[in-house]
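Each remark here refers to the structure printed beneath this line.
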Amino acid sequence: MCQNNGSSASKLVALLVCLFGCLTVGAASGDFADDAALSAVCPVAYQLDQSPSSRGYHYSFFGNAFFINEQGYLLTAAHVLETFRDGGQPYILVSRPNSPPRLLQAAIVAVDSEHDVAILLATPNPFAGNHKVAFLPLAPDPAFRGQSVIALSLHPPKLQNAHTFEVPREDRSSGEVLSYESTQLEKSAPAADVFLLSHPVTLGQSGSPVLALDSRAVVGLVEGRWLRSSAVSIAKSSSLSSSTPGAAIPIRYAIALLQRQSISWHTPQSPPSVLPAR
């Protein structure tokens with residue numbers, strides 16, 4: 001069983017108790033590479049008012065997304081967008097130099113619910129304006145057991161009362177890949193692979209990138225908490241963690257969705273790539 005960790009206004013009160021009472025965040029030592037990578041990460045939000053107050057626009061926070069190219073395309077977990085299935089405009093919160101963050105509309109380009117991945121497109125393209133943004137390369141090789149990884153995410157200082165003029169807080173959760181497991185990510189869908197992380201996952205981290213520490217390329221997206229007992233025993237046998245492990249979606253599922261949409265992405269130290277669909 002995999003428990004998703006996107007957030008919505010209707011779930012925040014119940015989940016905050018679990019978040020602050022049960023979970024901890026493994027903080028990685030900050031360095032220049034992580035700071036640059038965080039510029040690619042954006043909270044996914046819903047704008048709650050039509051005009052700003054003294055603290056900017058009020059919004060609901062649902063999870064994270066991250067840029068994969070300079071055209072303004074992003075990846076996230078599909079369940080982060082569940083609230084928008086019946087309508088409603090998703091937004092992303094984008095940083096700006098020497099200015100408060102700004103909400104930009106994010107069109108839903110494609111969704112693969114079976115593998116819990118989705119593609120967004122920011123409008124207008126923040127790479128063409130005065131925004132503090134970057135994109136992350138996608139790893140050509142899968143994550144492997146024992147690989148050192150770091151999950152990067154952002155969340156508002158007040159989850160229940162978020163405003164755009166408040167700078168989001170950073171989470172840098174480091175650990176290693178424990179194992180691959182098979183699970184059902186969507187009702188009535190075939191089983192899909194996830195890989196387990198030695199660090200726990202907190203509320204709102206869904207859709208965040210999981211990067212290999214050596215290449216700083218994305219090997220997966222945060223899915224949620226893994227609650228099966230077999231996985232817990234794996235985590236307890238590890239010297240790194242005795243907590244409920246996190247689960248991540250392998251990046252290959254996102255790459256397959258990008259291929260079907262003919263959307264380019266970057267690999268480490270390479271120009272954008274569009275690989276042939278397999």
D116 side chain to A78 backbone, donor-acceptor under 3.5 Å: yes
Closest non-hydrogen atom pair, Q47 against L103: OE1-CD1, 3.7 Å
Nearest non-hydrogen partners of S173 and Q205, listed with the distance: OG-NE2, 3.4 Å
Min side-chain heavy-atom separation P190-E114 under 4.5 Å: yes
R172 side chain vs L152 backbone, donor-acceptor pair below 3.5 Å: no
Non-hydrogen side-chain atoms of L93 and P168 separated by less than 4.5 Å: yes
Check against side-chain hydrogen bond (donor to acceptor under 3.5 Å, both in side chains), E181 and T183: CA-CA 7 Å; E181 302 289 337; T183 190; over 6 Å; no
Validation row: V133, S95 side chains within 4.5 angstrom (heavy atoms): no
Side chain to side chain contact (heavy atoms under 4.5 Å, CB included) between R96 and K132, intermediate numbers included: CA-CA 5 Å; R96 295 184 292 175; K132 186 180 177 182; 5.8 Å; no
Interatomic distance, Y57 atom OH to L48 atom CG [nearest 0.5 angstrom]: 12.5 Å
F67-F127 aromatic ring centre distance below 6.0 Å: yes
Shortest non-hydrogen contact from E170 toward L154: CG-CD2, 3.7 Å
Verdict with supporting geometry, V80 and N64, side chain to side chain contact (heavy atoms under 4.5 Å, CB included): CA-CA 8 Å; V80 170; N64 279 262; over 6 Å; no
Rounded distance [0.5 Å steps], CG in L221 versus OH in Y253: 12.5 Å
Test item: R85 and V111 side chains (from C-beta on) under 4.5 Å apart, heavy atoms: no
Check: V219 and F195 side chains under 4.5 Å, non-hydrogen atoms: yes
Any donor-acceptor pair under 3.5 Å from N125 side chain to E70 backbone: yes
Point-to-point distance, once rounded to the nearest 0.5 Å, from OG1 of T164 to OH of Y59: 7.5 Å
Beyond-backbone contact of L258 with I119, side-chain heavy atoms, under 4.5 angstrom: yes
Residue pair V109, I263: steps toward the side chain to side chain contact (heavy atoms under 4.5 Å, CB included) verdict: CA-CA 10 Å; V109 176; I263 296 172; 4.2 Å; yes
Single-linkage hydrophobic cluster V167~F66, side-chain heavy atoms < 4.5 angstrom: no
Check: P200 and T244 side chains under 4.5 Å, non-hydrogen atoms: no
Parallel, tilted or perpendicular, as decided by the 30° and 60° cut-offs, for the rings of F84 and Y46: tilted
Joint hydrophobic cluster, Y180 plus V201, side-chain heavy atoms closer than 4.5 Å: yes
Side-chain heavy-atom pair D214, S148 within 4.5 angstrom cut-off: no
Interatomic spacing from NE2 in H115 to CG in L257 - rounded to 0.5 Å: 10.5 Å
Distance, nearest 0.5 Å, that separates CD of Q89 from CD1 of I108: 8.0 Å
Which atom of T76 lies closest to which atom of G207, heavy atoms considered: OG1-CA, 3.8 Å
Criterion side chain to side chain contact (heavy atoms under 4.5 Å, CB included) on Q71 and S264, from CA distance to verdict: CA-CA 9 Å; Q71 282 76 51; S264 64; 3.6 Å; yes
With L74, the side chain to side chain contact (heavy atoms under 4.5 Å, CB included) member among L121, I68, I92, V41: I92
Side-chain donor or acceptor of S206 paired with backbone N/O of E223 under 3.5 Å: yes
Shortest non-hydrogen contact between N69 and F135, atoms and distance: N-CB, 3.6 Å
Which atom of A189 lies closest to which atom of Q184, heavy atoms considered: O-NE2, 2.7 Å
CG-CZ distance between N161 and R55, expressed to the nearest 0.5 angstrom: 5.0 Å
